Amino acid sequence: MTNQLFTLIIFYVLAAIAVMGGVTVILSRRPMRCAVGLLATLLSLAGVYVLMHAHLVAILQILVYAGGITVLFGFAIMFLRQGGPQRYRGPFMPVWVISLFTAGYLVYLVLPVIRAAEAVKETVPPDYGTIQLMGKVLLSAQLVPFEAVAILLLMTMVGVIALARRPRKEAAS
Amino acid sequence: MITLSHCLVLSAVLFFTGMTGFLLRRNMLVSLMCIELMMNGAFVALVSYNRFNPLTQDGQVMTLIGIVIAAAEAAVGLAIAVNLYKFTGEVRTDRASEMKG
């Protein structure tokens, strides 16, 4: 019982860090602080995945998201001159309209979920979420999406090279 | 103990945080970060549904593939941001209001 309470406390702490990181992303004027807030969110979500016994997903969250995507964002932020903290110019709708809409829709969606708190099946198979089982699944039952993602990565690489190269002489003139 | 509701509330809050930021912010890099937030909310939902039906691995596999897709999307988005910076000198999305090459 104390173990479950401890798990719940860890979950609340991780969730609070994740939500605070998300709020930092959308409120901070400096893009680098946004990137650090995103990093906090991603790392604490990796902790949530560990609590969910999804160990391989947690590892890849740290490796790919926190290690790759955040570095890419930081590189882009430092590469492109941002001109300091930006003055807030109005969006296409007032801020409070958007915030009220999203907050109201969130409450509308979340309230039934809170009311229907269901009991947990605490029994997970002992190899649930391990790298061994996930590797077996990825290479047998889920082979088609796995290979499709490989093709997608190749297409992305070609596309990014085509986007980022200098235009040819005759195309430029 | 953690119930499915806890995870779904966390997922929804993350998703709507990202959605609010995507509607509010005009910096293209921050918009991309908000897309990442929304995808992470969806991943939390997938992993937690899989946790409470532990006889299959489908949610986790979908999350892994989604993480790879998010990486690809971030790379393409940042390349587009670099191009936008070349054309307009800024990375604000409201400066990209015309699609002429």
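Each chain gets a letter, A, B and so on, in the order the sequences are listed, and its residues count up from 1. As the structure is a computational prediction, the values presented were derived from the model and not from experiment.
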Contacting moiety of L109(A), where chain B heavy atoms sit under 4.5 Å:
side chain
Of the non-hydrogen atoms in V47(B) and A54(A), which two are nearest, and what is the gap between them?
CG1-CB, 3.8 Å
Give, as side chain, backbone, both or neither, the part of L27(A) having an atom under 4.5 angstrom from any heavy atom of chain B.
backbone
Within the supplied structure, the quantity of interest is the number of heavy atoms (other residues, nucleotides, ligands) at a distance under 6.0 Å from M38(B) CE; does it exceed 12?
yes
Considering only heavy atoms, which portion of L106(A) lies under 4.5 Å from any heavy atom of chain B: side chain, backbone, both, or neither?
both
One should read off an interatomic distance between L23(B) CG and S99(A) OG, to the nearest 0.5 angstrom, of 9.0 Å
Kindly compute the distance separating CZ (F52(B)) from CE (M52(A)), expressed to the nearest 0.5 Å.
5.0 Å
Could you walk me through whether V25(A) and T17(B) satisfy the side-chain contact (heavy atoms from CB on, under 4.5 Å) test, starting with their C-alpha distance in whole Å, then the side-chain angles of each, then the deciding distance to 0.1 Å, before giving a yes or no?
CA-CA 9 Å; V25(A) 171; T17(B) 311; over 6 Å; no
Max heavy-atom pair count under 4.5 Å with chain B, selected residue of V149(A), V23(A), L138(A), L42(A)
V149(A)
Side chain / backbone / both / neither for N40(B) at chain A, heavy atoms under 4.5 Å
both
Enclosure of F11(A) CZ (heavy-atom neighbours >12, cutoff 6.0 Å)
yes
Pairwise distance CG(L51(A)) to CD1(I2(B)) - rounded to 0.5 angstrom:
4.5 Å
Non-hydrogen atoms of chain B under 4.5 Å away: do they reach the side chain of A35(A), the backbone, both or neither?
both
Reported CG-to-CG distance for the pair L10(B) and L45(A), which is rounded to 0.5 angstrom
6.0 Å
The interface call for M134(A) against chain B, heavy-atom contacts under 4.5 Å, is side chain
Check each atom of S31(B) against the heavy atoms of chain A and say whether the ones under 4.5 Å are side chain, backbone, both or neither.
neither
What's the shortest heavy-atom distance between Y128(A) and P54(B), and which atoms?
CD1-O, 3.6 Å
Cluster check V76(B), V71(A): I/L/V/M/F/W/Y, side chain < 4.5 angstrom:
no
Highest number of heavy-atom pairs under 4.5 Å with chain A among I69(B), V68(B), V61(B) belongs to V61(B)
Under a single-linkage definition using a 4.5 Å side-chain heavy-atom cutoff for Ile, Leu, Val, Met, Phe, Trp and Tyr, are V13(A) and V50(A) assigned to the same hydrophobic cluster?
no
Provide the closest heavy-atom pair for L152(A) versus A72(B) in the form atom of the first, atom of the second, distance.
CD2-CB, 4.2 Å
Is there a chain of hydrophobic side chains (I, L, V, M, F, W, Y, each step under 4.5 Å between heavy atoms) that links I67(B) to I69(A)?
yes
Quick check on V64(A) against chain B: is it the side chain, the backbone, both or neither that has a heavy atom closer than 4.5 Å?
side chain
Hey, are the side chains of H6(B) and L8(A) touching, using non-hydrogen atoms and a 4.5 Å cut-off?
yes
Give me the atom names and distance for the closest heavy-atom approach of Q57(B) to G129(A).
OE1-N, 3.8 Å
If you take all heavy atoms of A76(A) and L29(B), which pair is closest and at what distance?
CB-CD2, 4.1 Å
Membership question, hydrophobic clusters at under 4.5 Å side-chain separation (ILVMFWY): are Y108(A) and V110(A) in the same one?
yes
For a side-chain hydrogen bond (donor to acceptor under 3.5 Å, both in side chains) check, start with the C-alpha distance between Y49(A) and Q60(B), then their side-chain angles and the critical distance, and finish with the verdict.
CA-CA 10 Å; Y49(A) 293 156; Q60(B) 291 182 54; over 6 Å; no
Choice from S48(B), A70(B), C34(B) maximising heavy atom contacts with chain A below 4.5 Å
A70(B)
Between F101(A) and M19(B) the two heavy atoms that sit nearest each other are CE2-CE, 3.9 Å
Residue part contacting chain B, namely of T41(A), when any heavy atom lies under 4.5 Å:
side chain
I'd like to check Y65(A) versus F43(B) (side-chain heavy atoms, cut-off strictly below 4.5 Å). Are they in contact?
yes
V137(A), part contacting chain B, at a heavy-atom distance under 4.5 Å:
side chain
If Ile, Leu, Val, Met, Phe, Trp and Tyr residues are connected whenever their side-chain heavy atoms lie under 4.5 Å apart, and connections chain through other members, are L38(A) and L43(A) in the same group?
no
Please tell me if the side chains of C34(A) and R25(B) come closer than 4.5 Å, counting only heavy atoms from C-beta onward.
yes
Report which part of S28(A) has an atom under 4.5 Å of a heavy atom belonging to chain B: side chain, backbone, both, or neither.
backbone
Which residue out of T63(B), L55(B), I80(B), N83(B) racks up the most heavy-atom pairs below 4.5 Å with chain A?
N83(B)
Winner by heavy-atom pair count (cut-off under 4.5 Å) against chain A, out of T20(B), V82(B), L14(B):
T20(B)
For a side-chain contact (heavy atoms from CB on, under 4.5 Å) check, start with the C-alpha distance between I26(A) and M33(B), then their side-chain angles and the critical distance, and finish with the verdict.
CA-CA 9 Å; I26(A) 70 170; M33(B) 287 182 211; over 6 Å; no
Validation row: L78(B), F79(A) side chains within 4.5 angstrom (heavy atoms):
no
Determine the option with the most heavy-atom pairs under 4.5 angstrom with chain A, choosing from L32(B), L64(B), L8(B).
L64(B)
